[in-house]
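Encoded as structure tokens, the structure appears first; notes follow it.
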Amino acid sequence: MMKWVLFVPELFYTLMALVFFGASLSKKVDPRRLYVWALALAGMGLLVSVLFARQEGMLFFDAYRVDLFSQVFKVLLALGTFWVIFSCSELKGINERQHAEFYFLMAVCTLAMMMLVSAVELLTIYVAIELSSYSLYLLVSMRQRADEYVETGIKYFMIGVTASAFMIFGISLLFGMVKSTYVIDVVRVLPTVIAQPAAVVGLVLALSGFFFKQALFPFHIWAPDVYQGAANQVTTYIGTASKMAAAAMVIRFVGFSGGESGVLIKLLVALSILSMTFGNLVAIIQKDLKRLLAYSSIAHAGYMMIGILSMSQRGFASAIYYALAYLVMTYACFMVIMRIAEDGRNLQIKELAGLHKRSPLLAMTLMLGLFGLAGIPPTVGFTGKFLVFAAALEKGYLALVIIGMINATISLYYYLIVIKAAYLLEPVHPYPAVYVDSWTRYLSIILVLAMVYLGVFPDQFVALTEAAARSLP
Amino acid sequence: MIAFFKDPVLLAAALATSLPFLSMATILIFTRHNQRLSASISIGAVTTSLLCALYLLVTLHSAGAPVQYEFPWLLADQLLIPFGYLLDPLSLLMLTIVAAVSFLVQVYSVGYMSGDPGYSRYYAFQSLFAWAMMSMVISPSMIQLFIFWELVGLASYLLIGFYYEKWSASQAGKKAFVMTRLGDIGFFLGLIILLLGFGNLSILKMNEAAQAHAISPHLLTLSALLIFGGVMGKSAQFPLLTWLPDAMEGPTPVSALLHSATMVAAGVYMFSRIFPFYSGSPEAMTMALAIGTITMLLSSTMAMATYDLKQVWAYSTVSQLGFMVMALAAGGYFAGVFHLTTHAGFKALLFLCSGIFIHEYHTNDFREIGRQGGRNLVIPMICMTIGALALSGIFPFSGFFSKEAVLGVLAMQPNRIWLLAGLLGALMTAYYSFRLIFFMLFPKGGIEAHGGRNGASPGHGGHEEEHHGAIFWCMAVPVMILAAITVVLGFSQSPLEHFLVGKAATGAHTLAVEGGGSHAATEGHSPVHYMVLISAVSMAVGGIAWAWLEFGRKKATQEGFLRWLPKIEQLFARRWYLDDFLRKFLDTAIYSGVTSLFTRNDRRIIDGGIDGICQFTVASGRLFSFLQSGMLQYNLLVMIGAVALVVLYFLM
Amino acid sequence: MSTEAFAQMAFWMLVGLTFAGAAIAVFPRNILHNVLGLALALAGVGGFYLYLGSFFIALMQLLIYVGAITIAIVFAIMLSRPLHLEIPKRAVPKVAMAAVASFIFFAAILGVVFRTQWTPAVERSTDWSVETIGHLLLTRYDLVFEVISLVLLVAIIGAIVTAGFTRRLSS
Amino acid sequence: MEMAHFPILSAILMSTILGLVTILFIPDDRPKLVKQVSLGFAGVGLILALWAYFSYDVQKGGLQFVERYLWVKSLGIYWFNALDGINAPMLLLTSVVLFTGVLTMWELELRVKEFFAFMFLLVAGVYGVFIAMDLFWIFVWYDVSLFPMYPLIAIWGGTRKEYGGMKLTLYLLAGSALILPAILYLWVQGGSTTFDLFELAKMGFSPQVQRTAFLMLYLGFGILAGVWPLHTWSPVGHVAAPTAVSMIHAGVLMKLGAYGILRLGMTLCPEGLQYWSQLMALLATIGIVYGAFVGLAQTDLKYVIGYSSVSHMGIVGLGLSTMTVNGINGAVFQMFAHGVMTALLFSAVGYIYDRTHTKMIPELGGLSKTMPVASAFFIIAAFAGIGVPFMASFWAELLVFISAVKTYPVRGILAVMGLVVSALFMLRVVQKTFYGEKNERWEHIPDVPLYLATPRIILVGVILFFGMFPKVMLDVIQSTVIPFVASLTA
Amino acid sequence: MNSLGTYLVIAAALFSLGLLGVLQRRNLIGMLIAVELMLNGANINFMAFNRFLAPEPAVGQIITLFVMGLAAAEAAIGLSIILVLFRRVHSINVERAQQLKG
């Protein structure tokens, strides 16, 4: 007997997708009305995922597992989606005729990611990840009036399908070792055969698909181009919600080996260091704000990996916390970008000049968000880094932590450049005043408070993430 | 608190030392703009201090043992830093001298400094000086002594650089401070070593312990030598002596106060203060003797080559200080202290007289003063001559007695060279002082008309004449008092000796025997002593006569024998190239050596290294960005290559 | 020649066919040749599926791949008229680097294949029937089955929207 | 866990945070009000700090005004604030410098609100570090105190402000790249159950652990403490920073570094200290001498002060490295004394710079004639820097040098020699800047008005008060240091 | 019949050949074709494991089936994106797409 109640969030998003599918069929729909609908539905979706956050159980012949881990990530996904849709009021990057499809793809993508975090069967995982990827390819390609960015879609697509080919090849090797597609079997069998090359190579190749989603070095190569080339809202979506799903999957997959393979951990350590260093170094020379954030996201994938490779419950919990922190901080930055570039253009760093006068609130939000990304207390970003590093040091990775901290210092440099632009530079030619409606204002204040609150009072959230980590198979 | 009022001695000591401080604070904070009030506050304070000092002197004249008060000021772990008063004959004597000279100088300054814009500041600094000096004098422990010693240095810095808008004045102040500080480093280290080795810096305890051989000889010698660094700095001993002549940049009364009677005497005072301690270390004593001798001879020669009125006295101060150090180092405790006392009197006299001349003629060149009719200022001229006679050691002036005592001590040294050096010094002293006097008395080429006192030159109205008069007397009275003291003081030798040596049970007298074996120096009139007496007097007279031959008599060329020895004159006038050496050392070793090396290192290597790391980081960012070439397939190649290598790695 | 040997020979011919097709799909610069090569290679792979015991999947291979995907590609080629465009020269360094990377990967996978001890499952069922596949599709892989329809829906809508066949064309 | 008392330490911290929040809610067009509010909150902090300082029970010693709550259960983080003899002077120092700093900036016109907001944030961090006794919080507050430096310097600064601000911020935060790992390392070594400083101190880590952790802490905090050769941010940053920021930064923030070494490094890793103390002493000595020599060649007033800070912080380092009661007494005292003194120096220079728009020594000169009071402040501070008796730093230097000569004779003597150079360069600056002929360029400049003189007078008063009555501070300091050193050697 | 190893090697070779195509083809459609080859390589793996190792022969077949479905969807999406690019720049040469870099 299936307990459909466990599946309510997913069903809700299916419904949402259907609504917009219907809307896309009708000839003429007012974009404002679509926006209101989307916002309402996304809000309800968030509500639903929160309401069903404490559900637990198995569905679809044990292929689908609803537990605290998955539900936490579902809430994060719903939150990210809600925020992104919230900031779609001026959806200038997308052709007005395609708004319905835009929301449709967004809903489908969220749905796919929700399935991804709950799926405990390799084929389901693969199909879910492909579904979400396809939606994203399409979303990225939808950007309007983007001649200079037209190559983005094809690049994303090509890299994506190559990575996915690697992934399915890796899954095939895993299948050959484990002879089952159930994660529970994988977790049971894999540590015993981890000495076999096929097992560990299969795991690594399978992981590459998630690394691709997470934009971990060397699977990061799409990230800068896509961040820069996609419409602002889509970039935000990729940078926030999509990252959550990827983080969840990486946590789950890395856990497969049970920490038995020292070689694998060494590899992950190397990837994490490379990712941090590469991301931070290249970010220094960026001019485009979104591209800069792309590189910073590469670096953050590395930080998150530090927590994951600790292979301990505290490590996974810290990675979850870090994901939460990353969601909030990145969204704060992107919200400011979207607000300032209301016509959907890309924002250069120097265009932030004089922001503190044009909109002090946004400037402050941006500053806190960037400081959070840099890991400066008392923001949530610091607490995230702290937890991650604590977990890593428990396993004795002192050098790794020091490298991570040095990287945090390097990253501060380019974050400060952005902050400098917002707070110091006088605009060369007068940029228009930024219009901030009251909802955005409330949201900024909430974000600011959230970043500080989560950073200063992390106790309950840490407890939550630890419970979530415990519920991993 | 109540203890203060119950004990008049303590009260007097506290008043004497703290009133000048209060006066300084009051002047600086409240009465900066009221000159007259400032002066009266300061003079009032110093008068009270003088009275207290005299009261203490009288009260404790016949107290058997030293009176000591100590209050714990600071207790840092085991280290106790007390604050208090040690009242024994030596400190009482010095306290009185300091108070008296300060008093006279301050009175004198009313006239000398009148009309100066920094009048109030001047008195504030004077009070600061008086406070520091008097507190230093009656310190019961070396730490307190050191603290006030430093403060004295500060006060002298401020007073020397009083005319701070004059470059040379501020330079001189700086030089004085830094050079004395150089010596103080030794002092400080010596104290620390002593503290660590011995554990107590109470003067009485130190002296007792050294006497009882309770301190290991190595420690004793080491710390004594280091502490002597302080003496070298403050009392301008070789090689730290060049700051003193430069310090004459300050107002003349300041020179009188600081650089004749009191501040520079601090070094000698400190030496005598822990004289028993020093006598525990023959090595240290010998070194001190040598340094004193060198100082005395060098500065005497320098005085022979200068034409600056104040500098002559400055050099002579240095040489007399050398003399005192010689006396003390030779074991003549009383001789040294006695010479200190008499010297304070006649040197203050000399400076104050010079001040009158300088004030009048606005020049420091004594040839110029003589030419303009310096001898017409009768009172100062007489007083100055008295001072010069005392300085040269002519009976019956005070200098005669003290110099005899010193030479007597030197004569007791087994090595005759010290005595010969002393006699040579006496000769030169007489020569250069009378060189100056004769220049002023018998100017070559007659006297020009001077618009000061006696001329009716334009620009000097009657009113100003009167004003001048008041000022003149304001300056003249202290001078005359000092002259009187100079005449009289010499005869107080035996009561003073009785007071200083006879009473102090642990005093220097018995120690002197051990230290230098100069029993006769204080005791008696042995044949040696007479011989010394005769030779000393003949040296003094000879010096005067020599000066007369060259400068005084009618046909004198007033050129001096040095004129025929230009190289040597140059040597003397350039202070044996000590300053040049110092400057050279500063320029090459410090400024363009270490400093510029360090600075360049700081900018280029340390800071440049940091900047380099940053630039390297940015550059490597640029470099790595080539990985993100924009070419899809190259990017893919990177990715796939990495995957392939990873897979290969897992096979290994 | 026994059946077995014949089968063996046929197998190697199939291999040759497949790789010939794959090579044609990859190397020539004429895109139509590539498509034909792809069709050939895919058909060959379908043959392997026969050898591997699944007629059903071999059929599907022909249907989906050769039937659907290849046709779609041909349509795209016609829409984008690449044949009228100049054919760029080969960049030798790029090809060389690509070959090296691919070869390293190939060699690495070879190593994996031969170094791993492949152990069959203890109990092996022999149920190759299509019914079982259908049963499983509706039970264990139910969710995937649903989702793949969604995937296709997204693909269709997305392709239409992205490629510009929007209401503009229809209306 | 006594909780009956008023949480005065949290209240001090809150005075800045509340001040910050209040400032943020003041409209932009009321700069005057911002200043008044800032002064009010700074005053509250000052009063509370004075209260805390003077009600610290010297006889009882140990930790007082303890506030301790569990903060994050799973990691063992506590909200743990307490006062002892080491942080009490630091707290006082911070409040004094903040109060005077606010007054010093009374004439600020550019973006007043933001300036004071950032400044309060900065000081909140400083207070936090000083009162916290939990490693997590110490680190949090430490970072909080650093990052506002960037906007403060880059917006309101002077010479090469963006470069200086960036360099300073990055350099200092690079230090935390070692501190955080060290803290976590110790936490892990202590069983990952608690960040409570004193509970960790009881764990007794193995010598190897202590050495590693101490070195990391020393280098990390050493950057902020201006340890040679990690000091070069100091001159550059100080030159770039606006007056009040320089005051707080050189006056208080640099102490944070030394405090961190003392509080974290030395408390947790006594054996590590033992192992590295030779190095510490060596670097400190080099710093003392080197700073003085380099200061001798500078032509920018603020550079001079920057290098004098390097030299003086060397004294702190030397004192700490001796591991004796008086060495540490002196080091803590020197932190306080140097803080007040440098604040005064910067504040004096700040006034001169505000009026003349130059701080190049060759361009100045003869300032004493035109602004005697303003010059007097600088000169007094310079004398405090030289170590003239009855200025607070004299006692500190005395104690440090006594211990240093005892523990490290050669290095101690070299350091004492450095005093001559430091006197030379201070006096050189005084001479060239304030003495000499009246400079016509500055003739029109008025002397300090009373409202701007007040903060400087307060600082002079503090210097002299603790110079005259060192007991008031030393008793507090050693009430903690004596048992601390006993535990070091035990 | 032939051993597991043979099929695995064939799969690996096919996959690598596809990889080569992805890496060196300039024609985007050519790249897409190469990706299809890679997916087929993976599919052969599944089928081979299914034949020689797996406990249930149905599972591998089902996976292969789904991968084929995904490949079809992928091709559709890829081709539509390629068409977008073609409309804008009138080329399907991948080397035309290198505006974004650094």
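In what follows, chains carry the letters A, B, and so on, assigned in the order in which the sequence lines appear, proteins first and then strands, with residues in each chain numbered from 1.
- For A/Leu387, the part lying near chain D is the side chain, with the backbone staying farther off; criterion is any non-hydrogen pair under 4.5 Å.
- Heavy atoms of A/Ala463 lying under 4.5 Å from chain D are absent altogether.
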Contacts table for residues 268-281 of chain A: side-chain donor-acceptor under 3.5 angstrom, sequence neighbours left out:
from	atom 1	to	atom 2	distance (Å)
A/Ser275	OG	A/Phe217	N	3.2
A/Ser275	OG	A/Ile298	O	2.9
A/Thr277	OG1	A/Ile273	O	2.6
A/Thr277	OG1	A/Asn407	ND2	3.4
A/Asn280	OD1	A/Tyr414	OH	2.6
A/Asn280	ND2	A/Met276	O	3.2
A/Asn280	ND2	A/Tyr303	OH	3.3
A/Asn280	ND2	A/Asn407	O	3.2
A/Asn280	ND2	A/Asn407	OD1	3.1

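- When each of D/Ile179, D/Leu173, D/Leu180 is paired with A/Met405, the side-chain contact (heavy atoms from CB on, under 4.5 Å) condition holds for D/Leu180 and for no other.
- Counting all heavy atoms, side chain and backbone alike, D/Val140 lies closest to A/Pro377 at O-CG, 3.4 Å.
- Listed by sequence position, the residues of residues 19-31 of chain D in contact with chain A number zero, using a 4.5 angstrom heavy-atom cutoff.
- Taking the six-membered ring where tryptophan is involved, the planes of D/Phe136 and A/Phe382 are tilted, since the angle between them lies from 30° to 60°.
- More than 12 heavy atoms of other residues, nucleotides or ligands sit less than 6.0 Å from atom CZ of A/Phe461.
- Of residues 348-369 of chain A, those residues with a non-hydrogen atom less than 4.5 Å from any non-hydrogen atom of chain D are, in numerical order, A/His356, A/Met367.
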Worked check of ring-ring contact (aromatic ring centres under 6.0 Å, His included) between A/Tyr397 and D/Tyr185: CA-CA 9 Å; A/Tyr397 301 120; D/Tyr185 184 58; over 10 Å; no
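- Contact annotation for A/Glu394: both backbone and side-chain heavy atoms come within less than 4.5 Å of a heavy atom of chain D.
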Anything under 3.5 Å between a donor and an acceptor, one on a side chain of residues 215-224 of chain D, the other on a protein residue two or more places apart or in another chain? List them.
none

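- Most heavy-atom pairs under 4.5 Å with chain D, from the set A/Val456, A/Leu424, A/Ile406: that is A/Leu424.
- Contact between A/Thr409 and D/Ala177 at its shortest, heavy atoms only, is OG1-CB, 4.0 Å.
- Formation of a donor-acceptor pair under 3.5 Å by the D/Trp187 side chain with backbone atoms of A/Leu393 is not found in this model.
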